[in-house]
Each structure stands twice: as C-alpha cells, then as structure tokens.
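Comments concern the structure below.
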Amino acid sequence: MSNTAVIPFSTTLLVRDTCLCLHAQRAARALARRFDIALKPVGLTNGQFSLLMSLNRPEPPHMGPVANLLAMDRTTLTAALKPLQKRGLLCVEPDPKDKRGKRLKLTPEGMAVLASAVPIWTRTHGEVEAQIESGDADRLRRDLVDLG
C-alpha cells in the first residue's frame with residue numbers, strides 16, 4: 001500500500017487561478033518578450049536596456065547600487081555586463097577615490113544606443129499601460145514595489 005499523498009485537482013486549479021507568484025511570473029515573461037521584440041532593432045534585450053538605463057547617472061555608479069536596483073547579485077550583474085562591454089556600450093573603470101572599487105560608465109556608443117532605444121521603450125510602455133484594464137498603472141507599480 002502506498003503512503004503517497006494525493007493532492008486533489010481542485011487544489012491545482014486553485015493555485016493556477018490564485019497564485020500571485022505564478023501570475024507575476026507569467027506577466028513578467030510576457031512583458032519581457034514584448035520589450036525584447038520592440039528593442040530588437042537597436043540590438044538590446046529588455047534587461048540590457050534596463051541595465052544601460054541604470055548607468056545613465058550624473059556620476060558613474062558602483063556595481064553594488066546597480067545590482068540592487070536591478071535585483072540581481074553581483075555575479076549575475078558581472079555576467080550581464082560582459083556582452084555590453086564587448087560591444088563597447090559601457091566600460092568598467094577603477095574608482096578614482098578607491099582603486100579597489102569599480103564604476104560602470106556608459107560609453108558614447110552606449111549613450112547613442114540608449115538614446116535610440118528610449119523612444120521605442122516610451123511607445124511600447126505606453127501601449128502596455130493602455131492595456132491595464134483598471135487604467136491605474138501607478139497603483140500597479142506601487143503594489144509591485146510593496147511586494148519587492
């Protein structure tokens with residue numbers, strides 16, 4: 001005789017219909033695909049766009065704040081930087097005040113690609129916001145921030 005627990009199919013349906021994690025993951029994947037397709041003409045993925053945009057600051061940031069903003073660990077950030085660095089869109093420089101630290105800086109080429117991507121992002125983002133049935137994109141953003 002088996003002691004394996006049986007989970008009723010009704011539980012599967014409950015999780016499918018109510019799981020916030022599942023719904024957030026599905027929405028994130030759909031949004032990522034949409035922005036990947038939109039940004040393809042400028043040779044960026046949505047993640048690369050976000051990474052480059054996070055470097056658009058008055059002073060080149062250290063890796064830690066960028067990793068925190070993008071909700072990734074430093075190892076993942078380092079891996080994400082490599083193809084952009086190889087394309088000449090950013091450079092990693094020693095911190096002039098502390099040679100142990102590294103700062104991430106957009107190159108002129110990186111700034112040009114980012115400038116060409118912003119109108120695409122703006123258009124696509126507007127289309128996405130228009131699809132939010134409640135019409136309250138700010139509320140959705142606040143709720144997502146609260147969960148993060």
Side-chain angles (χ1 to χ4, degrees), residues 1-92 101-148:
M1 185 152 87
S2 172
N3 289 332
T4 303
V6 175
I7 301 169
F9 185 60
S10 60
T11 302
T12 301
L13 297 176
L14 175 71
V15 171
R16 180 198 68 189
D17 295 342
T18 64
C19 180
L20 292 173
C21 187
L22 174 62
H23 288 287
Q25 288 171 337
R26 290 182 67 194
R29 286 186 194 109
L31 285 170
R33 276 191 304 273
R34 186 169 187 165
F35 279 92
D36 283 347
I37 291 166
L39 293 165
K40 191 172 184 172
V42 294
L44 295 177
T45 66
N46 75 85
Q48 291 170 331
F49 172 81
S50 295
L51 198 164
L52 291 176
M53 188 57 74
S54 75
L55 305 183
N56 185 40
R57 304 178 187 200
E59 292 291 322
H62 288 101
M63 292 182 72
V66 173
N68 288 338
L69 175 70
L70 300 174
M72 58 176 63
D73 60 48
R74 291 173 66 104
T75 303
T76 304
L77 176 60
T78 299
L81 292 169
K82 288 184 182 186
L84 297 171
Q85 193 174 8
K86 188 175 180 179
R87 284 181 56 191
L89 303 182
L90 63 89
C91 57
V92 181
K102 294 179 182 176
R103 291 190 176 258
L104 306 173
K105 183 178 178 183
L106 285 171
T107 63
E109 295 84 2
M111 187 59 80
V113 168
L114 192 56
S116 64
V118 167
I120 296 168
W121 176 88
T122 301
R123 182 188 71 247
T124 306
H125 196 268
E127 292 167 356
V128 168
E129 282 199 4
Q131 285 187 292
I132 297 173
E133 193 171 312
S134 71
D136 195 351
D138 289 332
R139 172 67 188 264
L140 176 57
R141 273 186 282 278
R142 285 190 307 271
D143 289 346
L144 291 171
V145 166
D146 288 347
L147 292 173

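Because the structure is a prediction, the values reported are computed rather than measured.
Under the 4.5 Å side-chain criterion, counting only non-hydrogen atoms from C-beta, Q48 is not in contact with L39. Between P61 and L55, some side-chain heavy-atom pair lies under the 4.5 Å cut-off. At a threshold of 4.5 Å between non-hydrogen side-chain atoms, the residues C21 and Q25 count as touching. Side-chain contact between N46 and R34: absent, with no pair of heavy atoms (C-beta onward) separated by less than 4.5 Å. When side chains are defined from C-beta on, L140 does not count as touching E129, because their heavy atoms never get closer than 4.5 Å. With a 4.5 Å cut-off on side-chain heavy atoms, F35 and V128 count as touching. Contact check for L20 versus L147: no side-chain heavy atoms found under the 4.5 Å cut-off. R26 is listed as a side-chain neighbour of L22, based on a closest heavy-atom distance under 4.5 Å.
Among residues two or more places apart in sequence or in another chain, the side chain to side chain donor-acceptor pair (under 3.5 Å) test is passed with H62 by D95. Judged as a ring-ring contact (aromatic ring centres under 6.0 Å, His included), and not counting sequence neighbours, H23 has no contacts.
With values rounded to the nearest 0.5 angstrom, I37 atom CD1 is found 12.5 Å from T45 atom OG1. From R74, atom CZ reaches atom CG of N68 across 9.5 Å, with rounding to the nearest 0.5 Å. Atom-to-atom distance recorded for M111:CE and K105:NZ is 10.0 Å, nearest 0.5 angstrom. We find the CG-CG distance between L44 and L51 to be 10.0 Å, quoted to the nearest 0.5 Å. Put simply, OG1 on T78 and NZ on K102 are 7.0 Å apart, with the number rounded to the nearest 0.5 Å. Note that CD of E109 is 13.0 Å distant from CG of L84, once rounded to the nearest 0.5 Å.
For the pair S50 (side chain) and G47 (backbone), a donor-acceptor distance under 3.5 Å is absent. Between the side chain of S54 and the main chain of V66, no donor-acceptor pair closer than 3.5 Å is present. Using modelled atom types, no side-chain atom of R139 and backbone atom of S134 make a donor-acceptor pair closer than 3.5 Å.
Within a 6.0 Å sphere centred on CG of L13, heavy atoms belonging to other residues, nucleotides or ligands number more than 12. In this structure, R142 places its CZ atom where more than 12 heavy-atom neighbours from other residues, nucleotides or ligands lie under 6.0 Å away.
Applying the ring pair (Phe, Tyr, Trp, His ring centres under 6.0 Å) test to residues at least two apart or on different chains, none of the pairs has a partner in residues 67-88.
Closest approach of I120 to A38, counting heavy atoms only: CG2-O, 3.2 Å. Considering all non-hydrogen atoms of both residues, P83 and A79 come closest at CD-O, 3.3 Å. In terms of heavy-atom proximity, S116 sits nearest to V42 at OG-CG1, 3.4 Å. The two atoms that bring L14 and T18 nearest to each other are O-OG1, 2.6 Å, heavy atoms only.
Residue M53 is tested with L106, L114, L69 for a side chain to side chain contact (heavy atoms under 4.5 Å, CB included); the sole match is L114.
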*asked:* Working note: K40 + D36, criterion salt bridge (Lys or Arg N to Asp or Glu O under 4.0 Å); need CA distance, chi angles, decisive distance, verdict.
replied: CA-CA 6 Å; K40 191 172 184 172; D36 283 347; over 6 Å; no
*Determine, stepwise, if the pair V6 / T4 fulfils side-chain contact (heavy atoms from CB on, under 4.5 Å).*
CA-CA 6 Å; V6 175; T4 303; 5.8 Å; no
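With respect to R141 and D138, a salt bridge is recorded, a charged nitrogen being found less than 4.0 Å from a carboxylate O.
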